[in-house]
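Atoms considered below: every heavy atom in the structure, side chains included; atoms not considered: hydrogens, waters and symmetry mates. What you are looking at is a predicted structure, and each value in this text was computed from that prediction instead of being measured.
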Amino acid sequence: MNFKKYLFLLLSFTVFYAYGQSANQSYKLIGDNFIQTKNYYLLTLFQNNAAVKQLLANDPELAKLTQARLDNIKSSLTTCKDPLCLTQSLKFSPDEIKAVSDRLTILYKTDNALGNLVKQHLIPSGTYQQFNSLSPVEILISAWEQDAKAINYAIEVYAEGRKPNYPAIDTISFNVKARGYLNLVYDASATIWDESKKEKLFFVPSMNYALHCLEINERDDAANDEPMNLGINKNAYNRIKTINWAKYKYTMILIPGAGPDVAGVALSAEGMLRCRVAALRYFEGLAPFIMTSGGKVHPYKTKYIEADEMKKYMVEKLHVPENVIFVDPHARHTTTNMRNCARIIFRYGMPFNKPCITSTDKSQSYFIANMAARCEKELGYVPYKLGKRLSDTEQEFYPTIESLRIDNDEPLDP
């Protein structure tokens, strides 16, 4: 091997070793506001890390941006005559996003508070997994730009009435063309200004406005059943440490949800049948755990969580032990049934390299086997790798680490 080729390979290995870092299964996410943590994890870290918070709050250039934001909000309350004018003062412009990116690049040092934040939190959290092949400072900037765009998206959908990815189930709760809607948007902006007028962190007014928009639309879905490991998943979670994993071929049996599409109906007939099939597989000893998956999805703004109702049915009707069943009460689509299963397996410290199985009806089972293109379109990646087909209702799959990354245009289940 000649010297140049050797040097190239050595440098390539060094770059991969330095920048190709991945998530750590022992890492615990930080933050008490589950909706904020799940949607804007970098900004949550900025708020919760004392050293970073001080660095950002005391920076004169970022202070100018903060004051400009507050001045714009206050001015909009006297000059704006339509809702879009008011919301524009809360969103990040491309120039503002770039200005913050440039400033963070200057402030970042490998061994300062921002450098430690990337090494100790951003990379091991996996929440920005798609950027982990970049340099640490590039990870920081990419995460900031994603969070800024996610805030803008939430405001656009839940204040401005932009059509979301799935309008039938996720659209705004208000008629944005109604005469009284301007008053509501005005009151929301005025409240945010009043709450934020002494704020030192440049992103807080806009982030809090996005969260407020979700709140007044009753779109707190990302917080369903949280904290799960202390509540609905507590008994199954505590049982993990007792499992002899060598006894089982599979980590989990996943049951994707099936919404009833009828107001007042808690669990669909299809959901019941999927539970029955999965219960048979559990009693055959294929895996130590079952996961029911599905949030408040069908019909529009239903009060019933599919996963919770499936768990009740399995315990009460099928006599599956309660401490066998994990609940994912957030997934809104088949794509995220798969993704969220992978996330819970990872976050709860279960074997991540063992296969799992989906157990569902024949139609959905074959749909999952051919769902990769939809995943790429909606998520930007495929959150699983398929294994063998076991039957018309069972399909093997392996979870992927990419599943940890935040989806910035799905604020109800990011």
Quiz item: Can you list the residues that meet the salt bridge (charged side-chain N to carboxylate O under 4.0 Å, His left out) rule with Glu309, with sequence neighbours excluded?
Solution: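 So Glu309 forms a salt bridge (charged side-chain N to carboxylate O under 4.0 Å, His left out) with Lys312.
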
Quiz item: Got a sec, which residues hit salt bridge (charged side-chain N to carboxylate O under 4.0 Å, His left out) with Asp308, two or more places apart in sequence or on another chain?
Solution: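 Scan of Asp308 (salt bridge (charged side-chain N to carboxylate O under 4.0 Å, His left out), adjacent residues dropped) gives none.
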
So does [X] have more than 12 non-hydrogen atoms from other groups sitting under 6.0 Å from [atom1]?
X	atom1	value
Asn58	CG	yes
Lys354	NZ	yes
Lys74	NZ	no
Lys247	NZ	no
Glu322	CD	yes

Answer whether the closest heavy-atom distance between the side chains of [X] and [Y] falls below 4.5 Å.
X	Y	answer
Asn39	Ile406	no
Tyr153	Pro411	yes
Asp147	Asn408	no
Tyr250	Arg281	no
Thr335	Met371	yes
Val137	Leu104	no

[atom1]-[atom2] distance between [X] and [Y], expressed to the nearest 0.5 angstrom:
X	Y	atom1	atom2	result
Ile139	Leu122	CD1	CG	7.5 Å
Ile30	Asn48	CD1	CG	6.5 Å
Ile345	Phe289	CD1	CZ	10.5 Å
Glu199	Ile192	CD	CD1	10.5 Å
Thr400	Met338	OG1	CE	9.5 Å
Glu156	Asp409	CD	CG	11.0 Å

Quiz item: Which residue, Asp392, Thr360, Thr393, forms the side chain to side chain donor-acceptor pair (under 3.5 Å) with Tyr366?
Solution: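 Filter result, single survivor: Asp392.
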
Quiz prompt | Contact summary for Ala331 and Asn337, nearest pair of heavy atoms | solution =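 Result for this residue pair: CB-ND2, 3.3 Å.
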
Quiz prompt | Minimum-distance pair of heavy atoms, taken over all atoms of Ala210 and Tyr40 | solution =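 Closest approach of Ala210 to Tyr40: CB-OH, 3.6 Å.
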
Does either side chain, that of [X] or that of [Y], offer a donor lying less than 3.5 Å from an acceptor on the other one?
X	Y	result
Asn72	Ser89	no
Glu378	Tyr166	yes
Gln395	Thr358	no
Glu145	Ser101	yes
Asn24	Ser26	yes

Over 60° means perpendicular and under 30° means parallel, so tell me whether [X] and [Y] are parallel, tilted or perpendicular.
X	Y	result
Tyr209	His212	tilted
Tyr348	Phe326	tilted
Phe202	Trp144	perpendicular

Self-check item: Stepwise side-chain contact (heavy atoms from CB on, under 4.5 Å) check, Leu65 with Leu62
Solution: CA-CA 5 Å; Leu65 290 174; Leu62 293 177; 4.0 Å; yes

Quiz prompt | Test log, rule side-chain contact (heavy atoms from CB on, under 4.5 Å), inputs Tyr181 and Ile172 | solution = CA-CA 12 Å; Tyr181 187 63; Ile172 191 172; 3.6 Å; yes

Quiz item: Out of Arg339, Lys38, Lys296, Arg219, which one pairs with Asp413 under the salt bridge (charged side-chain N to carboxylate O under 4.0 Å, His left out) rule?
Solution: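 By the salt bridge (charged side-chain N to carboxylate O under 4.0 Å, His left out) criterion, Asp413 pairs with just one of Arg339, Lys38, Lys296, Arg219: Arg339.
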
Practice problem: Identify whether the distance between the nearest side-chain nitrogen and carboxylate oxygen of Lys64 and Glu61 falls below 4.0 Å. | Solution: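 So Lys64 pairs with Glu61 through a salt bridge.
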
Quiz prompt | Trace of the side-chain hydrogen bond (donor to acceptor under 3.5 Å, both in side chains) decision for Glu410 with Asn165 | solution = CA-CA 8 Å; Glu410 288 290 344; Asn165 296 325; 2.7 Å; yes

With distance as the sole test, does [X] use its side chain to make a donor-acceptor pair with the main-chain N or O of [Y] at under 3.5 Å?
X	Y	answer
Glu396	Ile357	no
Lys119	Pro136	no
Ser403	Pro383	yes

Quiz item: Would Arg274 and Asp361 satisfy salt bridge (Lys or Arg N to Asp or Glu O under 4.0 Å), going step by step from the backbone distance to the final call?
Solution: CA-CA 6 Å; Arg274 292 179 186 182; Asp361 59 86; 2.7 Å; yes

Quiz item: Would you say the SG of Cys356 sits less than 2.5 Å from the SG of Cys341?
Solution: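 Looking at Cys341 and Cys356, their sulfur gamma atoms do not lie closer than 2.5 Å, so the answer is no.
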
Quiz item: So, is the end of the Arg69 side chain (NZ or CZ) under 6.0 Å from the ring centre of Phe92 and within 45° of the ring's axis?
Solution: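 So Arg69 does make the cation-pi contact.
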
Practice problem: Taking the six-membered ring of Tyr313 (Phe, Tyr or Trp), confirm whether the NZ or CZ of Arg276 is under 6.0 Å from its centre and within 45° of its axis. | Solution: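 Because its charged atom misses either the 6.0 Å distance or the 45° angle limit, Arg276 does not stack over Tyr313.
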
Exercise. Would you sort out whether Glu306 and Thr292 count as a side-chain hydrogen bond (donor to acceptor under 3.5 Å, both in side chains), showing the intermediate values?
Key: CA-CA 8 Å; Glu306 293 173 12; Thr292 59; over 6 Å; no

Practice problem: In sequence, state the C-alpha distance, the side-chain angles, and the governing distance for Glu160 and Leu84, and then conclude on side-chain contact (heavy atoms from CB on, under 4.5 Å). | Solution: CA-CA 6 Å; Glu160 297 177 355; Leu84 290 181; 3.4 Å; yes

Exercise. Applying side-chain hydrogen bond (donor to acceptor under 3.5 Å, both in side chains), run through Glu138 and Ser135 and close with a yes or a no.
Key: CA-CA 5 Å; Glu138 289 172 329; Ser135 70; 3.1 Å; yes

Quiz item: What's the verdict on side-chain hydrogen bond (donor to acceptor under 3.5 Å, both in side chains) for Asn323 and Asn235, showing C-alpha distance, side-chain angles and the deciding distance?
Solution: CA-CA 5 Å; Asn323 65 357; Asn235 292 334; over 6 Å; no

Quiz item: Which residue, Met291, Lys311, Met314, forms the side-chain contact (heavy atoms from CB on, under 4.5 Å) with Ile255?
Solution: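 Testing Ile255 for a side-chain contact (heavy atoms from CB on, under 4.5 Å) against Met291, Lys311, Met314 leaves exactly one candidate, Met314.
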
Quiz item: Taking the six-membered ring where the residue is Trp, are the ring centres of His121 and Tyr41 under 6.0 Å apart?
Solution: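 Here the rings of Tyr41 and His121 have centres that are no less than 6.0 Å from each other.
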
Practice problem: Give the C-alpha distance, both sets of side-chain angles, the deciding distance and a yes or no for side-chain contact (heavy atoms from CB on, under 4.5 Å) between Gln36 and Gln47. | Solution: CA-CA 11 Å; Gln36 177 183 321; Gln47 277 189 311; 2.7 Å; yes

Self-check item: salt bridge (Lys or Arg N to Asp or Glu O under 4.0 Å) between Arg389 and Glu394, intermediate numbers included
Solution: CA-CA 6 Å; Arg389 171 155 293 283; Glu394 274 75 40; over 6 Å; no

